[in-house]
Structures are given as structure tokens and as C-alpha cells.
Amino acid sequence: MVVVAVRTKKTRAAGIPSVDLSLDRSMVSELIVQACQNYGFFKVINHGVPRVTISRLEDEGVRFFDRPARDVQRAEPAGSFGYGSRNIGLNGDKGELEYLLLPTDPFSIVETSKTISDEPRNFSGAANDYIEAVRELASEVLDLAAEGLRVHDKYFFSNLIKDDQNDSVLRFNHYPPLKTSEPCKDEEDADEVGFGEHSDPQILTVLRSNDVAGLQIALPDRLWIPVPPDPSQFYVIIGDTLRVLTNGRFTSVRHRAIANSSRVSRMSIMYFGAPPLNTTISPLPELVSPESPSLFKPFTWGDYKKAAYSSRLGDCRLDHFKASFNQ
Ligand SMILES: C=C1C[C@]23C[C@@]1(O)CC[C@H]2[C@@]12CC[C@H](O)[C@@](C)(C(=O)O1)[C@H]2[C@@H]3C(=O)O
Ligand SMILES: O=C(O)CCC(=O)C(=O)O
Ligand SMILES: [Fe+2]
């Protein structure tokens, strides 16, 4: 087995920002803006997603990854969607995980469920309910962020992911326990890569995992912080597209998952909120001024997605879209 090692010595257990959605609205929007500027990442509590909506999809995910190899492979991709193992993307990235990548529109979910489950209606029902609930949560977070930034149209961001043509995706990552407990040969303090360092290309990601640790985020000074797992709450990850729309006010956090060295599997479920392919992405006029000129050239989400899918996982994809004075 080829293992890719990452240094984990430079880590610090620090407080991850936490936002309680039940608090006073103007306070919550301020907290969200602070967290998005300083970390590009935060935990959401009192999120309003019913526990049963989460547990039904969790159970379906566990059932899927428990299936015999020949059954999970029936869900192998036609294009980039479907089941995959160890290979991440199309450009040679590897990780110690298996995954299921799905479109989020209800019709595609119903169709794809036929290769995912022996009870496809159970799977599609659970997935569609979950997608609807986390899309609502993502939209609420985006509206609060827009309010905190004093954006004129407070629904501007959320309308992008609510559009009928939105390009959002749902991903299950399954990290089985590592078979070997041998330390890495050439690096004493190294861990193996579950899902390598990257930023998410979309607007924002809503992540939830079971009780097994693995996720880490990078601070601007490149210190890695372990994110404590919390199955009853969600984490929000700001993506590159929201970074551009806010003219760099929000940061798109680099993050990674360390391979699972515990005795139980880790499973995470991510909703990646994305706009329609033809949406032009450029900083909102309210966030551009002579003192803060636009840091990015305009592009469409389709252009960015194409560039993302021809890049390696760890590449800084936004570099190609920086305004010329900013290069
Ligand atoms: C190596 C890659 C995998 C990825 C597409 C890419 O070429 C670069 C971005 C990767 C990423 C990261 C966030 C999401 O997990 C993902 C689905 C996405 O939209 O961009 C993955 C892509 C993937 O696994 O196909
Ligand atoms: O599985 C995780 O916890 C993180 C994975 C991730 O960042 C991704 O799939 O983009
Ligand atoms: Fe990610």
C-alpha cells in the first residue's frame, strides 16, 4: 500500500468559532462575518435540522458502505458522479477513503438511488429530505452573512444555491480504520492522508460527520487545527466562490482529513452549495471601492469548475483568476 504522509507536528488545539443560530439576529450575522473573515470556517449550533433527517441519511450511508464490493461498484461513476475509492478527482490524487458523489436535484437522486440501495425509495427519500434541510440551513447562513456585510440584496447569495439550475453536490466520505498501526517509515510525526489539503471550489459547504475525528483546518499562518467531531451539529466551510463574491473579505479555508486510525469507520456527509453553471462570479459592487479594488477577474461558475476539475486537489485554483495588479 502506498501511503502519502503529511506533517502534523505543527498543529494547535484552538477554539473553532461556534455560531448559535437561536441568538439575536444582528449578533449572529456579526459572528458569522467575523468567523468567515478570520477562519472561513465555523460550527453551527441550534441549526433547526431535525435529528431524524440526519440519522436517516446517516443510516443509508452506513448501509451503502457496508455492501459487498460488487454491489458498491454498481454505483461507479458515469462521469464524475457515483462511487469511488482511493482515487480523488481525475488527476492522480489519492486518499485512504471511499466515497459517493451525487447530484442534488430530486429527479437525479431518484434515478441514482437504483444503483445505490436495494430499497431505492428509502435512500432517495432520506437524501432528498436531507438536501432540502441543509440547503435551507446554508441559505439562512448566507442571508445572515449578507446582512452582516451590508449587501443590498440580502438574498443574493442564497438565491444562487436555490436556483432551479443550481450545480450543488452531495458527498459521502467513508474512512475505514487503517489496517496497519505501523508508524510511517520516513517521518516520525506523520499521519496518512484521508483527503488531502484543499479549498472547496463552491460557495459554501455544510459538513457533518459521525463521532470519529479526522478533519483539520489550516489557519492563515499554516498551523493545522483538529476539528472535534460533533454528530449533532454542522460545520460550515467557506468556498472559493464566496471568497471571490466578497472580494476576499471571506477566506476559503484550506482543510484536510487525516486517515482514520481509530477502530471504527469515520463517515462524513457534505453538501456543496453551488450556483448555476452560467452564473458570472465577480466581487459584489458594494464590496469594491477605489481603496478596495476588485481582486479577481470575472468568470462563470462553469469556467471555474472546469479549471478545478483539471487541477490537482491541493492547487490554489483561484490564482488563475486574480486581477492582473493582484498577481
Ligand atoms: C482533485 C480534485 C477532486 C475535486 C476535483 C479536483 O480536480 C479538484 C477539486 C476537488 C473537489 C474538492 C471539494 C469537493 O469534495 C469536490 C467534489 C469538488 O467539487 O472539488 C472535489 C472534487 C472531486 O472529488 O471530484
Ligand atoms: O471528509 C471530510 O471530513 C472532509 C472532506 C472534504 O473536505 C471534501 O470532500 O471536500
Ligand atoms: Fe473539502
Side-chain angles (χ1 to χ4, degrees), residues 4 6 16 40-41 43 58 61 65 76-104 161 166-176 191-218 224-231 233-243 251-260 262 265-275 277 301-320:
V4 189
V6 289
I16 305 269
F41 185 84
K43 182 178 188 169
E58 162 102 5
F65 291 112
E76 252 170 16
S80 52
F81 288 125
Y83 171 80
S85 164
R86 297 227 164 115
N87 294 309
I88 301 172
L90 307 166
N91 306 309
D93 289 286
K94 307 264 179 218
E96 289 302 314
L97 84 164
E98 49 181 350
Y99 61 84
L100 185 59
L101 195 54
L102 301 173
T104 57
I161 62 166
N166 77 79
D167 190 41
S168 307
V169 293
L170 186 75
R171 174 176 203 133
F172 295 73
N173 284 342
H174 180 244
Y175 302 87
D191 280 336
E192 290 164 24
V193 172
F195 198 103
E197 171 182 350
H198 65 286
S199 61
D200 291 344
Q202 292 83 357
I203 293 178
L204 98 179
T205 307
V206 178
L207 176 149
R208 182 252 167 217
S209 79
N210 65 359
D211 213 1
V212 180
L215 181 64
Q216 299 185 340
I217 60 165
W224 286 96
I225 311 185
V227 177
D230 187 343
Q233 312 298 348
F234 291 95
Y235 286 103
V236 168
I237 301 176
I238 301 304
D240 295 337
T241 300
L242 192 54
R243 178 170 170 188
T251 183
S252 48
V253 66
R254 290 183 76 78
H255 54 284
R256 66 188 183 191
I258 299 304
N260 180 12
S262 83
S265 289
R266 171 164 190 266
M267 191 175 76
S268 56
I269 304 179
M270 271 89 31
Y271 160 83
F272 297 93
L277 287 171
W301 164 245
D303 293 338
Y304 194 61
K305 189 175 171 183
K306 204 163 142 205
Y309 275 78
S310 50
S311 66
R312 295 294 299 262
L313 185 59
D315 287 350
C316 291
R317 288 171 272 279
L318 273 184
D319 285 353
H320 304 291

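Both ligands and their constituent atoms are indexed starting at 1 by order of listing. Residues: numbered from 1 along the sequence shown. What you see below is based on every heavy atom in this structure, not just the backbone, and it leaves out hydrogens, waters and symmetry mates.
- If you look at ligand 2, the protein residues with a non-hydrogen atom under 4.0 Å away are Arg171, Asn173, Tyr175, Phe195, His198, Asp200, Leu207, Leu215, His255, Arg266, Ser268, Met270, Phe272.
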Evaluate the side-chain contact (heavy atoms from CB on, under 4.5 Å) criterion for residues Tyr235 and Ile217: first the C-alpha distance (whole Å), next the side-chain angles of each, then the deciding distance (0.1 Å), finally the verdict. CA-CA 11 Å; Tyr235 286 103; Ile217 60 165; over 6 Å; no
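- Counting heavy atoms closer than 4.0 Å to ligand 1, residue Pro201 contributes side-chain atoms (C-beta onward) but none from N, CA, C or O.
- In terms of polar-atom proximity, Ala308 is counted as a contact of ligand 1, with an N or O under 3.5 Å from an N or O of the ligand.
- Heavy atoms of Met270 stay at 4.0 angstrom or farther from ligand 1.
- For ligand 1, none of its N or O atoms has an N or O atom of Arg317 under 3.5 Å away.
- Using a 4.5 Å heavy-atom threshold, the side chains of Gln202 and Ser168 count as separate.
- Using a non-hydrogen distance threshold of 4.0 Å, Lys305 does not register as a contact of ligand 1.
- At least one heavy atom of Asp200 sits closer than 4.0 Å to an atom of ligand 1.
- Cation-pi contact between Arg317 and Tyr304: absent, since separation from the ring centre below 6.0 Å together with deviation from the ring axis within 45° is not met.
- Looking from atom 10 (C) of ligand 1 to the surrounding protein, the closest heavy atom is Leu313 CD1, 3.8 Å.
- Distance screen at 4.0 Å: atom 4 (C) of ligand 1 has no protein heavy-atom neighbour inside the cut-off.
- With respect to Arg86 and Glu98, no salt bridge is recorded, no charged nitrogen being found less than 4.0 Å from a carboxylate O.
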Hey, mind stepping through Tyr83 and Phe65 against side-chain contact (heavy atoms from CB on, under 4.5 Å) and telling me if it holds? CA-CA 10 Å; Tyr83 171 80; Phe65 291 112; 4.2 Å; yes
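- Taking 4.5 Å as the limit, every side-chain heavy atom of Phe41 sits out of range of all side-chain heavy atoms of His255.
- Considering backbone and side-chain atoms alike, Ser311 places an N or O below 3.5 Å from some N or O of ligand 1.
- Minimum-distance N/O/S atom of Asp200 relative to the Fe ion (ligand 3): OD1.
- Counting only heavy atoms of the protein, atom 19 (O) of ligand 1 lies nearest to Gln202 NE2, 2.8 Å.
- In Tyr99, neither the side chain nor the backbone holds a heavy atom less than 4.0 Å from any atom of ligand 1.
- Annotation: side chain of Phe195 is not in contact with side chain of Tyr99 (no heavy-atom distance under 4.5 Å).
- Among protein heavy atoms, atom 25 (O) of ligand 1 sits closest to Tyr309 CE2, 3.3 Å.
- Scanning Arg312, Arg171, His198 for the heavy atom closest to atom 21 (C) of ligand 1 points to Arg171.
- Remark: side-chain polar atoms of Asn91 are not paired, donor with acceptor, to backbone N or O of Arg312 under 3.5 angstrom.
- Considering only non-hydrogen protein atoms, atom 2 (C) of ligand 1 sits nearest to Gly89 CA, 3.9 Å.
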